[in-house]
Engineer: 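Handing you this structure, nothing more for now.
Below, read A as the first sequence line, B as the second, and so on, with proteins coming before strands; counting in each chain starts at 1.
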There are 2 protein chains.
Amino acid sequence: MDIRTLCLGILTMGDASGYEIKKTFEDRLGLIFHASFGSIYPALNKLTDEGLVSCREFSQEKRPDKKIYSITANGRYQFFDAIMKKPAADRFRSEFLATLMFSHLLPASVISELIDDRIKDRAQKIESLYDDCQTKMTDRDRFLCNFGLKMYQAEIDYLQENRHLLEADALMGNRAAE
Amino acid sequence: MDIRTLCLGILTMGDASGYEIKKTFEDRLGLIFHASFGSIYPALNKLTDEGLVSCREFSQEKRPDKKIYSITANGRYQFFDAIMKKPAADRFRSEFLATLMFSHLLPASVISELIDDRIKDRAQKIESLYDDCQTKMTDRDRFLCNFGLKMYQAEIDYLQENRHLLEADALMGNRAAE
DNA sequence: TTGAAATTATATCAGTTCGATATATACTCG
DNA sequence: CGAGTATATATCGAACTGATATAATTTCAA
């Protein structure tokens, strides 16, 4: 599943412009999948070429032209095909955890700050997700929201319970040979 | 932090070939960061050009030439610089969760199978991580191993407790207008 | 009220990375 | 004896990110 497929998916929920699709990515798929304009706009052009979406152009006087995309019958068929396939493995990259892999090279104060910042960040994400959960309409949206809440909370708990393992090692000056 | 930087980091733990660096990515950073040969080999060439690593070539008779890379003093300095910077946000992409976002388009049986497969996959990952935890040497390795265990377990718990929300909706035929 | 910041809107581009493929040899195990 | 796995390097097209460009409008606080 690539970004092109997911644009198709978003269009099954209603017509939208590229800009609106980007917003939907952030609002509803932010936890799961990220997409930039640099991939969305070319994706929509390609989908149009392939006849999986159609495009109506509205020339606005006050703003740049707005292009509203609609999914076609063929597009719906292709999207259904895509989600019926076994999903590929998650792709995950964390610079935070990668940095901790080398915490033996860092001063204790830097490690503590790193973990403090991370906990603050996750707490803030929980807060805004919590608000989302109140307003989101469908069961599916809530399912994913609560999933995010659970994961972020588990991370905070783990860091609070185990940060001493990395911090103690740093304070003792137990440095590996470099 | 890019793959080039992380290759440098792996070389702070000892000299290695490109092939061995790939294995280290899988064994010790598998949870955190993925890198393919297609990015590692070009990265090592570039690092050599920049003088951040040095390369000795061993022509073996039985196998292709082996190139052993060592980090230079300049390389160590650059790596330290990189890990002292604030880490960028995590990058995460889950086809599994993206598919669930559209579970209202799927038959109930497919949703159940999807979730069953996911739980099995996470259980299997827990098993192999658990073995790792016994053998891994440093506190840091164990810290990251246990982090993974905690996250995977939280995911299984969440899915088992909440899967009925998606499955019930599918069985009832509560389908949104398409 | 004015000026800065955020929002609406599309588009491109260089650089990074993935996943597949190519090429060879050797070992292991049923 | 053959299939599969491990060692070993390398390239390439396609996908994707993050930055940048352009331009008008709305919002909100000083």
Side-chain angles (χ1 to χ4, degrees), chain A residues 1-8 15-27 29-30 32-50 53 55-69 82 85 87-95 98, chain B residues 1-8 15-27 29-30 32-50 53 55-69 82 85 87-95 98:
Chain A
M1 172 155 20
D2 51 17
I3 285 173
R4 233 167 76 244
T5 305
L6 225 43
C7 284
L8 226 42
D15 297 353
S17 65
Y19 187 78
E20 287 161 345
I21 288 173
K22 174 74 167 18
K23 272 199 299 176
T24 304
F25 263 105
E26 278 159 12
D27 295 347
L29 292 161
I32 294 175
F33 224 98
H34 177 268
S36 64
F37 286 128
S39 46
I40 291 173
Y41 285 117
L44 289 169
N45 287 332
K46 206 168 176 191
L47 288 169
T48 308
D49 290 347
E50 291 167 355
V53 305
C55 173
R56 285 162 296 148
E57 216 158 326
F58 296 93
S59 55
Q60 305 179 143
E61 281 155 42
K62 303 190 173 184
R63 289 179 185 289
D65 283 10
K66 195 171 179 173
K67 292 181 183 175
I68 300 288
Y69 294 90
K85 279 186 193 149
D90 292 359
R91 239 186 269 172
F92 179 56
R93 162 180 294 200
S94 172
E95 292 196 9
Chain B
M1 174 157 15
D2 50 19
I3 284 173
R4 232 168 76 244
T5 306
L6 226 41
C7 285
L8 225 41
D15 297 353
S17 65
Y19 187 77
E20 286 161 347
I21 288 173
K22 175 73 168 15
K23 272 199 299 179
T24 305
F25 263 106
E26 278 160 12
D27 295 347
L29 292 161
I32 294 174
F33 224 98
H34 177 268
S36 63
F37 286 127
S39 45
I40 290 172
Y41 284 116
L44 289 169
N45 287 332
K46 207 169 176 190
L47 288 169
T48 308
D49 290 346
E50 291 167 356
V53 306
C55 174
R56 284 163 296 148
E57 217 157 325
F58 296 93
S59 56
Q60 305 179 142
E61 281 155 41
K62 303 190 173 184
R63 292 179 183 289
D65 283 9
K66 196 171 176 172
K67 294 180 182 176
I68 301 288
Y69 294 90
K85 280 185 192 150
D90 292 358
R91 237 185 270 172
F92 179 57
R93 161 179 297 200
S94 173
E95 291 195 10

Engineer: By side chain to side chain donor-acceptor pair (under 3.5 Å), which residues pair with Asn45(B), not counting sequence neighbours?
Structural biologist: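 Here no residue qualifies.
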Engineer: Rounded to the nearest 0.5 Å, what separation is found between the CG atom of Leu6(A) and the CD atom of Glu95(B)?
Structural biologist: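 So the CG of Leu6(A) and the CD of Glu95(B) are separated by 9.0 Å.
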Engineer: Counting only side-chain nitrogens and oxygens, does Lys23(A) get under 4.0 Å of the OP1 or OP2 atom of dT7(C)?
Structural biologist: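 The answer is no; no side-chain N or O of Lys23(A) sits under 4.0 Å from OP1 or OP2.
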Engineer: Of all the nucleotides listed (dT9(D), dC16(D), dT10(C)), which has the minimum atom distance to the side chain of Lys66(B)?
Structural biologist: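 So the nucleotide nearest the side chain must be dT9(D).
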Engineer: Quick check on DNA chain D: between Ser17(B) and Asp2(A), whose nearest nucleotide comes earlier from the 5' end?
Structural biologist: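 Residue closer to the 5' terminus by nearest nucleotide: Ser17(B).
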Engineer: Check whether any side-chain N or O of Lys22(A) sits under 4.0 Å from OP1 or OP2 of dT10(C), and answer yes or no.
Structural biologist: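 No, outside the criterion.
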Engineer: Provide, to the nearest angstrom, the distance between the CD1 atom belonging to Ile21(B) and the C1' atom belonging to dA10(D).
Structural biologist: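 The answer, rounded to whole Å, is 15 Å.
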Engineer: If I take atom OH from residue Tyr69(A) and atom CG from residue Leu47(A), how far apart are they, to the nearest 0.5 angstrom?
Structural biologist: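 Between Tyr69(A) OH and Leu47(A) CG, I get 9.0 Å after rounding to 0.5 Å.
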Engineer: Just the rounded figure in Å: distance from P of dT8(C) to CG of Asp27(A).
Structural biologist: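 Answer to the nearest Å: 10 Å.
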Engineer: If I take atom CE in residue Met1(B) and atom C1' in nucleotide dG18(D), what distance separates them, rounded to the nearest angstrom?
Structural biologist: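 Going from CE in Met1(B) over to C1' in dG18(D) covers 17 Å.
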Engineer: Taking side-chain contact (heavy atoms from CB on, under 4.5 Å) as the test, write out the residues that go with Ala82(A), two or more places apart.
Structural biologist: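 Partners of Ala82(A) under the side-chain contact (heavy atoms from CB on, under 4.5 Å) test: Thr5(A).
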Engineer: When you match Arg93(B) and Glu20(B) each to their closest nucleotide on DNA chain D, which lands nearer the 5' end?
Structural biologist: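 Per heavy-atom nearest nucleotide, the more 5' residue is Glu20(B).
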Engineer: Starting from P on dT16(C), measure out to CZ on Phe33(B) and report it in whole angstrom.
Structural biologist: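 Atom CZ in Phe33(B) sits about 13 Å away from atom P in dT16(C).
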Engineer: Write down the distance between CG (Leu6(B)) and P (dT16(C)), rounded to a whole number of angstrom.
Structural biologist: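 My rounded result for the distance is 15 Å.
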Engineer: Among all residues two or more places apart in sequence or in another chain, which pass the side-chain contact (heavy atoms from CB on, under 4.5 Å) test with Tyr19(B)?
Structural biologist: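 Scan of Tyr19(B) (side-chain contact (heavy atoms from CB on, under 4.5 Å), adjacent residues dropped) gives Ser17(B), Lys23(B), Phe37(B), Tyr41(B).
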Engineer: Return the value, rounded to whole Å, for the distance between atom CZ of Phe92(B) and atom C1' of dT17(D).
Structural biologist: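 It is 18 Å, rounded to the nearest whole Å.
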Engineer: What parts of residues 35-45 of chain A reach DNA chain D, counting only heavy atoms under 4.0 Å away?
Structural biologist: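 The answer is Ala35(A), Ser36(A), Gly38(A), Ser39(A).
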Engineer: Who are the side-chain contact (heavy atoms from CB on, under 4.5 Å) partners of Ser39(A), not counting sequence neighbours?
Structural biologist: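 With sequence neighbours excluded, Ser39(A) shows a side-chain contact (heavy atoms from CB on, under 4.5 Å) to Ile3(A), Ala35(A), Ser36(A), given in chain and number order.
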Engineer: If only side-chain N and O atoms of Tyr19(A) are considered, is one of them under 4.0 Å from the OP1 or OP2 phosphate oxygen of dT10(C)?
Structural biologist: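 No, because none of the side-chain N or O atoms of Tyr19(A) sits under 4.0 Å from OP1 or OP2 of dT10(C).
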Engineer: Figure out the NZ/P separation between Lys46(B) and dT9(D), and round it to whole Å.
Structural biologist: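 Taking NZ of Lys46(B) and P of dT9(D), I get 21 Å after rounding.
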Engineer: dT17(D), OP1 or OP2 - any side-chain N/O from His34(A) closer than 4.0 Å?
Structural biologist: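 It does, given that an N or O in the side chain of His34(A) lies less than 4.0 Å from OP1 or OP2 of dT17(D).
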Engineer: Taking salt bridge (charged side-chain N to carboxylate O under 4.0 Å, His left out) as the definition, give me every residue that meets it alongside Arg93(B), ordered by chain and number, with sequence neighbours left out.
Structural biologist: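 Salt bridge (charged side-chain N to carboxylate O under 4.0 Å, His left out) list for Arg93(B), sorted by chain: empty.
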Engineer: Would you mind reading off the distance between Glu57(A) atom CD and dA9(C) atom P, rounded to a whole angstrom?
Structural biologist: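 About 14 Å, once rounded to whole Å.
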Engineer: Only counting residues at least two apart or in another chain, list the ones meeting salt bridge (charged side-chain N to carboxylate O under 4.0 Å, His left out) with Asp27(B).
Structural biologist: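 Checked Asp27(B) against salt bridge (charged side-chain N to carboxylate O under 4.0 Å, His left out); zero matches.
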Engineer: Quick check: on DNA chain C, is the nucleotide nearest Arg4(B) upstream (toward 5') of the one nearest Arg91(A), or the reverse? Name the residue that is more 5'.
Structural biologist: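 Upstream on the strand: Arg4(B).
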Engineer: Could you work out how much the helix from dT1(C)-dA30(D) to dG30(C)-dC1(D) bends, comparing the axis of its first five pairs with that of its last five, to 10°?
Structural biologist: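 One end axis against the other gives 50°.
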Engineer: Are Ser94(A) and Phe92(B) close enough that some pair of their side-chain heavy atoms sits under 4.5 Å apart?
Structural biologist: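 When only atoms from C-beta onward are counted, Phe92(B) and Ser94(A) do not touch, as no gap falls below 4.5 Å.
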Engineer: Restricting to side-chain contact (heavy atoms from CB on, under 4.5 Å), what partner residues turn up for Glu57(B), sequence neighbours left out?
Structural biologist: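 side-chain contact (heavy atoms from CB on, under 4.5 Å) check on Glu57(B) returns Asp65(B), Lys67(B).
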